[in-house]
Enquirer: 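Let me give you the structure first, and then I'll get to my questions.
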Amino acid sequence: MAAALSAKDFTTAQEVRWCPGCGDYAILKTLTGVLAEVGAKKETTAFVSGIGCSSRFPFYVDTYGFHTIHGRAPAVATGLKLANPELDVWVVTGDGDGLSIGGNHLLHALRRNVGLKILLFNNEIYGLTKGQYSPTSRPGTRSPSSPAGSFEKPLSPGTFALGAGATFFARAIDTDKAGLGEVLKAVHAFDGTAFTEIFQNCIVYNEDVFADFADRKNAADMQLRLQHGEPMLFGANKDKGIRFNADTFALEVIDAEAEPDQVLNHDETNKVVAGLLVELTAPVALGVVYRRPDESFEKSWYAARKNGLQRTRSVADALRGTNTWKVS
Amino acid sequence: MAAALSAKDFTTAQEVRWCPGCGDYAILKTLTGVLAEVGAKKETTAFVSGIGCSSRFPFYVDTYGFHTIHGRAPAVATGLKLANPELDVWVVTGDGDGLSIGGNHLLHALRRNVGLKILLFNNEIYGLTKGQYSPTSRPGTRSPSSPAGSFEKPLSPGTFALGAGATFFARAIDTDKAGLGEVLKAVHAFDGTAFTEIFQNCIVYNEDVFADFADRKNAADMQLRLQHGEPMLFGANKDKGIRFNADTFALEVIDAEAEPDQVLNHDETNKVVAGLLVELTAPVALGVVYRRPDESFEKSWYAARKNGLQRTRSVADALRGTNTWKVS
Amino acid sequence: MSCTCFRTDKLISVGPHPDSPLLMSERNPKSSIVVRLAGDSGDGVQVMGSQFTTSTALSDTDFATFPDFPAEIRAPVGTTFGVSAYQLNIGANPITTAGDSPDVLVAFNPAALKVSLPLLKDGALVIVNNDSFTSRNLIKAGYSDDPRDNGELDSYQVVNIDIARLNLEAVKPFGLSKSDGSRCKNFWALGLLMWMFDRDLAPTENWIRRKFAKKEVVRDANLKALRAGHAYAETAELSEAIPRYQVETAALPAGDYRGVTGAEALSLGLAAAGELADKSVLFCSYPITPASPLLHHLARFGDLGVGTFQAEDEIAAICAAIGASFGGVIGITSSSGPGIALKTEAIGLAVNAELPLVIVNSQRGGPSTGLPTKTEQSDLYQAVYGRNGDTPIPVIAARSPGDCFFAAIEAVRIALRHMTPVMLLSDGYLSNAAEPWKIPDIKNIEPISINATFETDAAQHAQSLVFRRDPDTLGRPWISPGTPDLMHVLGGLEKDYDTGAISYEADNHQRMTDMRAAKVAAVERFIPPQSVELGSAQGDILIIGWGSTYGPIFQAVKQIRQSNPSVSFTHLRHLNPLPGNLAELLGGFRQVLVPEMNMGQLSTVLRDKLGVDPVSFCKVSGQPFLISELVEKVMTMLPVVALASNDPVAKGHT
Amino acid sequence: MSCTCFRTDKLISVGPHPDSPLLMSERNPKSSIVVRLAGDSGDGVQVMGSQFTTSTALSDTDFATFPDFPAEIRAPVGTTFGVSAYQLNIGANPITTAGDSPDVLVAFNPAALKVSLPLLKDGALVIVNNDSFTSRNLIKAGYSDDPRDNGELDSYQVVNIDIARLNLEAVKPFGLSKSDGSRCKNFWALGLLMWMFDRDLAPTENWIRRKFAKKEVVRDANLKALRAGHAYAETAELSEAIPRYQVETAALPAGDYRGVTGAEALSLGLAAAGELADKSVLFCSYPITPASPLLHHLARFGDLGVGTFQAEDEIAAICAAIGASFGGVIGITSSSGPGIALKTEAIGLAVNAELPLVIVNSQRGGPSTGLPTKTEQSDLYQAVYGRNGDTPIPVIAARSPGDCFFAAIEAVRIALRHMTPVMLLSDGYLSNAAEPWKIPDIKNIEPISINATFETDAAQHAQSLVFRRDPDTLGRPWISPGTPDLMHVLGGLEKDYDTGAISYEADNHQRMTDMRAAKVAAVERFIPPQSVELGSAQGDILIIGWGSTYGPIFQAVKQIRQSNPSVSFTHLRHLNPLPGNLAELLGGFRQVLVPEMNMGQLSTVLRDKLGVDPVSFCKVSGQPFLISELVEKVMTMLPVVALASNDPVAKGHT
Ligand SMILES: Cc1ncc(C[n+]2csc(CCOP(=O)(O)OP(=O)(O)O)c2C)c(N)n1
Ligand SMILES: Cc1ncc(C[n+]2csc(CCOP(=O)(O)OP(=O)(O)O)c2C)c(N)n1
Ligand code: SF4
Ligand code: SF4
Ligand SMILES: [Mg+2]
Ligand SMILES: [Mg+2]
């Protein structure tokens, strides 16, 4: 057997073309590390992307890759996965690529539960085209196309995904090596569409837009790190907790030491709570928010076939049809 | 003032080209009635549609109309509404038109909360192209493109809409004149995107797919008719009720007479319950499931402008730019 | 002999109108007969037509069919725009069109009669469903008088039958509702027709048994209706008025035959291409008229190594096909004009990525949604020129239902050889039309070879192996994820000629642009020189056709050549690149005529690529060419003197 | 006199290389100078260039600019593919290109030097940012030796300055971090350049004050850097080595001027068209390079009656624009090639609905994602032919930054007059390039009239009023929801010629198809005959250009005509339909040459529409034509004898 691969083995010689300080670097680093750690094989791993800064990702990972066209990566990846279900197919997309022009394909990949590992780098801006507001930008975002501030309501990737029938939704922060690494391992292990939102800092066009919770100094009080089966606690001393209020149908922050039995345990199969968690803003929920495995699209697709995509009958046979006659 | 218009005034002389017995007829009839009832004006009402049997709708209503291209009606309607926010702009779409090819535009119309009245005729099939399964078809649907039965997971229009940030979601049955009429009046009165799913019977390609709850004989036990502020009761004697179980985070059917105080009151602003209601299958929730008004896209858009789309400065002025010099 | 058919007891003379240019051809008797069935969308005309076609096929007769129906599933009852028709030309071969003008019409209602009358031959037999001639239906059809009474039908032989009533009586025992019972009337009429043409009922009876296996009552009622119609014709007092026809059997080449529509043949061709290349096929599509039948057929070809994916839209469909091709499976996508338009951007991606892909366009009437169920050839511009950037792709077209099979194989062959997307043009007419088809022997078809992968050499950068193009075809090896040591990244950005890495370098872009042009041009070296279908390689007029106009042009030129042997006919399979000898071939003629169901799109291509200026003969009405229109057009191009001296008969009538 | 510029104290001779075909033109001294600024994407070269351009404009000098940058926001530091450049040609008018070969280069790092060297004139002045020539940077740029030492720069006049260090020293007092401080170095270098060209610092200082109004420290540091660079050049011991230039002022026509990029002018033109038509404008777009600047400019034009809508994708953008047009507001959409491809289907809808619409295509390098930031003209096929069905639309192109204003007005005028979508072609070069622009007087521009609505007549069916087309233009009245009594339904299905109701009728489809062709053809009657830009209407060679190649062709022909007055130049605004007299004009020349930044797409159109066969001169490298390339090409087409006898000077060097 070949020697185990290291993170470096997954890194191409290509010069990385992101801005210095871009959050994409950190994601790349953590991901190549995870690939090595989980024992991924280069030749059976493929990265498919659309267009955007984030979508340059495939060029920097030494596996198979396809930098396709804007918004269409989930569709290309679906074809690839059907053609060869043995592959680990990752999709890297941005908030513009995945949720603006590519919304429909993301929707249907999630609905069908295609076995894709979809990473959405959300920087709440169109980076590559120089900083216009995106469907995830906050109201008031000033950008070249919204000089007086945008006023569109943003889409929440998590809410959208759950609405589309996602079977897996996770969240992580670009520079949070540990948290992101853990999520990526869960993504790698998941059958079906593993959809992950990564908060990614675009230092050129939307610097520090996530700083309120992503900055290390705010982490303890602003990050709710979810673990299946564990109570939802946060704060420097894990002294704050999350409770479900059945009267208001809302999640609330409570003093966990005062009312420990009121603290909700994280049940990653609970879609109702997942829907509330993804909309929490203080703290922000991180980790695997929702995971409820179901048969993947390609599994069902192949199950309905006798012998995979292999031929079991000759065309010569089919050519004869049902009504044949002889002319002599 | 002109005399009040009748339903007939809203009906064109055009020969209606749906199959005899198609559910679309009933919807057309109820809608023209509602238009008359709410005092709609022909010249300030426009119907925009995509392509499909359902999308033929504009031809049969005597108002302005635009039968556009497949899936794009919400986008065309958005432009129309921005151009003239005084218009009542209705969008008629199908489960294929609106949720398959047109998913992205529907998503973004809902996200932006554009002031459109969107009716999705859900017959769970592609009617006009002769009966292929659609994104709302149930697993196992046999169709020309799924001869052995489809195995894709269906999309729930309500779940999708809530995930997209809808501010209004309602449901009705094609032939239920009273229920549909009430919903349509609510749609007419709503600012923002009023999104309604109408269960529509395609007698040619998907006959009676909703019969389990839509048939009059099943109505009492299978239809939960929602009224804001009222308890969620159903059954011939209103003896069954819906309760929220805070342990399982699910809605349950209970004996309303036994536990009357356990019955949930319908609060149409409660998104959590709305999310559960749209997934109920026995009974099926009908009426206005969710309504939480928010400023419409076009209102914000116009609010950010001084004088609507009117010119307040001459181009001659703008032509001078900031740095001008004279050559003499 | 001027009649085209025989009746055992009474000879029906079915000849062209004296004013018709068809007169020219009277000297050689045609042994074919054109039958048209027309009724409401709900009358079951299409089923009746296809069953009659099957019985025709099984009686050793050549045929061609043309289903013509409205865009609505069930257009309003009784209106002219709701008429669904099925036209069928049967007889001794070669039959290549569904016929200009019917000899026999079955009209289920006044609207069907109204729409069909202008098409009929003088003296045609018209069978009328009497019951439907209510005043309500007459008004709906736009008749102010009853055409049965006002002399309008005087030049035809009219047979009035109470089809609806007789059918209902026949199926009464089965206890069906009136509306369900009346749905059997197409089989009643079919029974009648079968008697007229002396056909065996058994195959149709078997079909009914299979089709309605789970609905016994419906099955039995339909069987009853079929037999009742047949019996009625044979025994009823009216039988004297019902003519019987005996169509000459076809002198088809010996072999095993089946009936095939273009959509069936194309589907079989794609499956066969997979087998010939020893690769699986993934067909990714989104339903659209008239392309959907391909998806429907292929959805049943799982055991032939074909998978189907019904995507959420056309863009997803082509992208999934591209993904499949990246994955080492032959990616195919299909649509008609509006859907192909949506695929435009992605075609460019496949060009840049140098991946194989076949895009099938079943053309329909445009622009925009246009005339979804009508046929047209107006997407040739889109196929040849319709992309951003300098993005050439090979374009080929099928000429007849059965030819769709071979065209599909050719498209896949080019795609794999040159590693390029290929556009395959079919159209609404070909998709739905049927003809008898000699079942090809797949063993006689050359296998499709895959470009060799060069030996892996650890020292060599993987990407440069991936883009080492064959010098003749400029096709690169087809390497897919799963292959060890050849990891690479494809994409839509311009790439380095050798390494495939992103390159914005000026010279490289020029070189790649030149390479892409040369790759498509290279196809020309692998295709046979253009040959002449009819006539010699030099002469007065050369008619160039492409696509589904093959049938009518063939017949027209055959007719014309009897008096004017200086007229030749050639038909293009390859539209981009054009065959290398085409310019030379054209040079051998004084005039070149291009008949097209568009506004002159092939003429543009010929002007552009060959610098010739052909005469365009354009028809954009949603209907195939009539043989007579073509004959007429060519006649205007022939010198009158030459005509006069060559053809005394024609002279008499010119 | 062979020099092109003056220095007060020392004359810098900047002439073409002896081998260059430019020699021909030496007889008339050019009073222009080409400056190129090049550095890393993060070096602020584009800001520096545009500020220098503004100062140029304010000093009464004609100019043309060409920003050339990589597709990445910040490509990797120090690499050749990360180089961002700004080239500027200044001098006495007419300046129509950014110049073939720079006289002055400012190179911020080795990569910038490496990329720019091959372009320079022999003897050019090269200002080098010394500090950046570290061994690491040299390696990144692919240098094995330091070019400053190995003789590579021998034929240039090199000035080495420690720009980075001097700048950091200057801004030290402001306490910026090293990386923030070094961001000021573009202003430091700009100060130096301003001194060299004797420019007033005030406008730039004002710009800095406005731009960084809210970041006081940055503002002050940049001001300091600017002044420090200026002072350095004036006072430092090196000043003897820094040449000063005095560029001839331009003899521009009298009037008020401003600098304008193509994107600015186009945006202003769309706003002006709205005012001229007395309608509001809704601009619907989705960002894409190089089209986005239009959205950015128009987003600030709210007070000019312009609204903008950033749609979720290109399809939504065009559909929203169509919806706006239906609503009585002028709908505009914009993209570049890949995005225009996505709009194809919807363009057909606008054609069938007979709604006005302008589609602006800022072309970029293709195919597919291609070369997003490079320029090309390869979307002409797509514009003229790229749709399903027979779906013609008018196509026009802008020729220069300032001309974009007039082209935009013309596009809207055609759209409203004929009630049709119109494609307006710009490109990446035009979008970003700037030139001085005589501010047009909008009062001198003919208002845009809207087709009259016929009187409502209660007896008349509304739809037939809606489709009563003007016999000359075939444009119908523009009636929108909100208008009483004229309710109607538009759509993409074929419609009845008169009533607009759905029609699948064969004759009507032919009639509508003919009407759509005639409508586009009708545009020809409203456009001026094609005139000659340079030279007479008859001669040996006619060069036909379109789009942004205007600049280099103009200069090339001007040069060539000095020795060969039989060469003429004409430039097309209208690409579909072509001007009516174009065939005749072409007929007056022995040869026709079509230079294009594509593989010969206009040549195809000319062959197709006029049956002529021009000589194609194609360049697909992502870069505009050089004047010298064009001159060289034309020289090869001229008879050598004629050349020799006409031009003794040229003869000596041929
Ligand atoms: C068809 C098409 N439309 C538009 C573009 C231009 N475009 C490229 S990337 C992009 C948005 C990128 O935003 P996002 O996906 O958020 O990626 P980021 O750069 O922020 O990582 C756009 C609009 C394109 N390349 N192709
Ligand atoms: C671009 C494009 N793709 C595909 C089609 C074909 N098409 C027309 S309607 C339709 C689906 C209709 O389904 P739905 O929206 O559910 O409407 P229904 O007929 O069921 O009312 C399809 C696939 C088309 N007209 N245009
Ligand atoms: S523009 Fe933003 S997202 Fe793009 S590379 Fe730069 S920092 Fe990263
Ligand atoms: S096919 Fe179905 S949806 Fe369409 S008109 Fe007929 S019954 Fe209605
Ligand atoms: Mg982004
Ligand atoms: Mg449907």
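Every chain is numbered from 1, with letters handed out A, B, ... down the list of sequences. Atoms considered below: every heavy atom in the structure, side chains included; atoms not considered: hydrogens, waters and symmetry mates.
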Enquirer: Taking every heavy-atom pair that is under 4.5 Å apart, which of V327(B), I69(B), V315(B) has the most such pairs with chain D?
Expert: V327(B)
Enquirer: Is it the side chain or the backbone of D441(D) that comes within 4.5 Å of chain B heavy atoms, both, or neither?
Expert: neither
Enquirer: Between S280(D) and L309(B), is there a donor-acceptor pair closer than 3.5 Å when you use the side chain of the first and the backbone of the second?
Expert: yes
Enquirer: Heavy-atom pairs under 4.5 Å with chain B are the metric here; pick the option from G274(D), P253(D), G492(D), G328(D) that has the most.
Expert: G274(D)
Enquirer: Top residue by heavy-atom pair count (under 4.5 Å) with chain D, among R17(B), K306(B), R305(B), H70(B)?
Expert: R305(B)
Enquirer: What part of F301(D) lies closer than 4.5 angstrom to a heavy atom of chain B: side chain, backbone, both or neither?
Expert: neither
Enquirer: Can you check whether F59(B) reaches I502(D) side chain to side chain, under 4.5 Å on heavy atoms?
Expert: yes
Enquirer: As an exercise, state the distance from CH2 of W437(D) to CG of L319(B), rounded to the nearest 0.5 Å.
Expert: 5.0 Å
Enquirer: Mind ranking G308(B), A316(B), S314(B), G71(B) by heavy-atom pairs under 4.5 Å with chain D and telling me who comes out on top?
Expert: S314(B)
Enquirer: I'd like to verify something: which residue of N84(B), T63(B), T78(B) has the highest number of heavy-atom pairs under 4.5 Å with chain D?
Expert: T63(B)
Enquirer: Name the option with the most non-hydrogen atom pairs under 4.5 Å to chain D; the candidates are F66(B), Y64(B), F47(B).
Expert: Y64(B)
Enquirer: For residues 349-358 of chain D, give me every residue with a non-hydrogen atom less than 4.5 Å from any non-hydrogen atom of chain B.
Expert: L349(D), A353(D), L355(D)
Enquirer: Any carboxylate oxygen within less than 4.0 angstrom of a Lys/Arg side-chain nitrogen, looking at R311(B) and D303(D)?
Expert: no
Enquirer: If you count heavy-atom pairs under 4.5 Å with chain B, which of A317(D), G305(D), G259(D) comes out on top?
Expert: G305(D)
Enquirer: Could you have a look at L107(B), T12(B), T44(B), N104(B) and say which one has the most heavy-atom pairs with chain D under 4.5 angstrom?
Expert: N104(B)
Enquirer: Tell me, side chain or backbone of Y302(B) under 4.5 Å from chain D's heavy atoms, or both, or neither?
Expert: neither
Enquirer: Can you name the residues that form a side-chain contact (heavy atoms from CB on, under 4.5 Å) with S55(D), not counting sequence neighbours?
Expert: F52(D), M194(D), R199(D)
Enquirer: Between CZ of R72(B) and CD1 of I315(D), what distance do you get to the nearest 0.5 Å?
Expert: 4.0 Å
Enquirer: Between A316(D) and chain B, with a heavy-atom cut-off of 4.5 Å, which part of the residue counts as in contact: side chain, backbone, both or neither?
Expert: both
Enquirer: Need one label for V306(D): side chain, backbone, both or neither, based on atoms under 4.5 Å from any heavy atom in chain B.
Expert: backbone
Enquirer: Within a 6.0 Å radius of atom NZ on K42(B), are there more than 12 heavy atoms belonging to other residues, nucleotides or ligands?
Expert: yes
Enquirer: Can you tell me if W325(B) uses its side chain to pair, donor with acceptor, with the backbone of A57(D) under 3.5 Å?
Expert: yes
Enquirer: Pick whichever of E345(D), E275(D), K438(D), E264(D) has the most heavy-atom pairs under 4.5 Å with chain B.
Expert: E275(D)
Enquirer: In terms of heavy-atom proximity below 4.5 Å to chain B, should S325(D) be classed as side chain, backbone, both, or neither?
Expert: neither
Enquirer: If you count heavy-atom pairs within less than 4.5 Å of chain B, which of D313(D), L304(D), V329(D) leads?
Expert: L304(D)
Enquirer: Could you look at K279(D) and say if it's the side chain, the backbone, both or neither that has a heavy atom under 4.5 Å from chain B?
Expert: backbone
Enquirer: Identify which part of A77(B) has an atom lying under 4.5 Å from any heavy atom of chain D, answering side chain, backbone, both or neither.
Expert: neither
Enquirer: Using a 6.0 Å cut-off, check whether atom CG of N206(D) has over 12 heavy atoms from anything other than its own residue.
Expert: yes
Enquirer: Which atoms of P440(D) are under 4.5 Å from chain B, going by heavy atoms: the side chain, the backbone, both sets, or neither?
Expert: both
Enquirer: Relative to chain B, which segment of T54(D) carries a heavy atom at a distance below 4.5 Å: side chain, backbone, both, or neither?
Expert: side chain
Enquirer: Heavy-atom distances under 4.5 Å only: say whether L252(D) touches chain B with side chain, backbone, both or neither.
Expert: both
Enquirer: What distance separates L282(D) CG from L80(B) CG, expressed to the nearest 0.5 Å?
Expert: 10.5 Å
Enquirer: Can you tell me how far apart OG1 (T324(B)) and CD1 (I439(D)) are? Round to the nearest 0.5 Å.
Expert: 4.5 Å
Enquirer: Is the backbone N or O of T483(D) less than 3.5 Å from a side-chain atom of E43(B), with the two atoms forming a donor-acceptor pair by type?
Expert: no
Enquirer: With N388(D), which residues qualify under side-chain contact (heavy atoms from CB on, under 4.5 Å), at least two apart?
Expert: P338(C), A341(C), D379(C), Q382(C)
Enquirer: If I take atom CE from residue M487(D) and atom NZ from residue K41(B), how far apart are they, to the nearest 0.5 angstrom?
Expert: 11.5 Å
Enquirer: Quick one: what part of L268(D) sits under 4.5 Å from any heavy atom of chain B, side chain, backbone, both or neither?
Expert: both
Enquirer: Which value, rounded to the nearest 0.5 Å, describes the distance between R320(B) atom CZ and R258(D) atom CZ?
Expert: 10.0 Å
Enquirer: Main chain of T308(D), side chain of W301(B): is a donor-acceptor contact present, judged purely on distance under 3.5 Å?
Expert: yes
Enquirer: Heavy-atom distances under 4.5 Å only: say whether I318(D) touches chain B with side chain, backbone, both or neither.
Expert: neither
Enquirer: Suppose a student defines contact as a heavy atom less than 4.5 Å from any heavy atom of chain D. Which residues in residues 109-116 of chain B would they list?
Expert: R112(B)
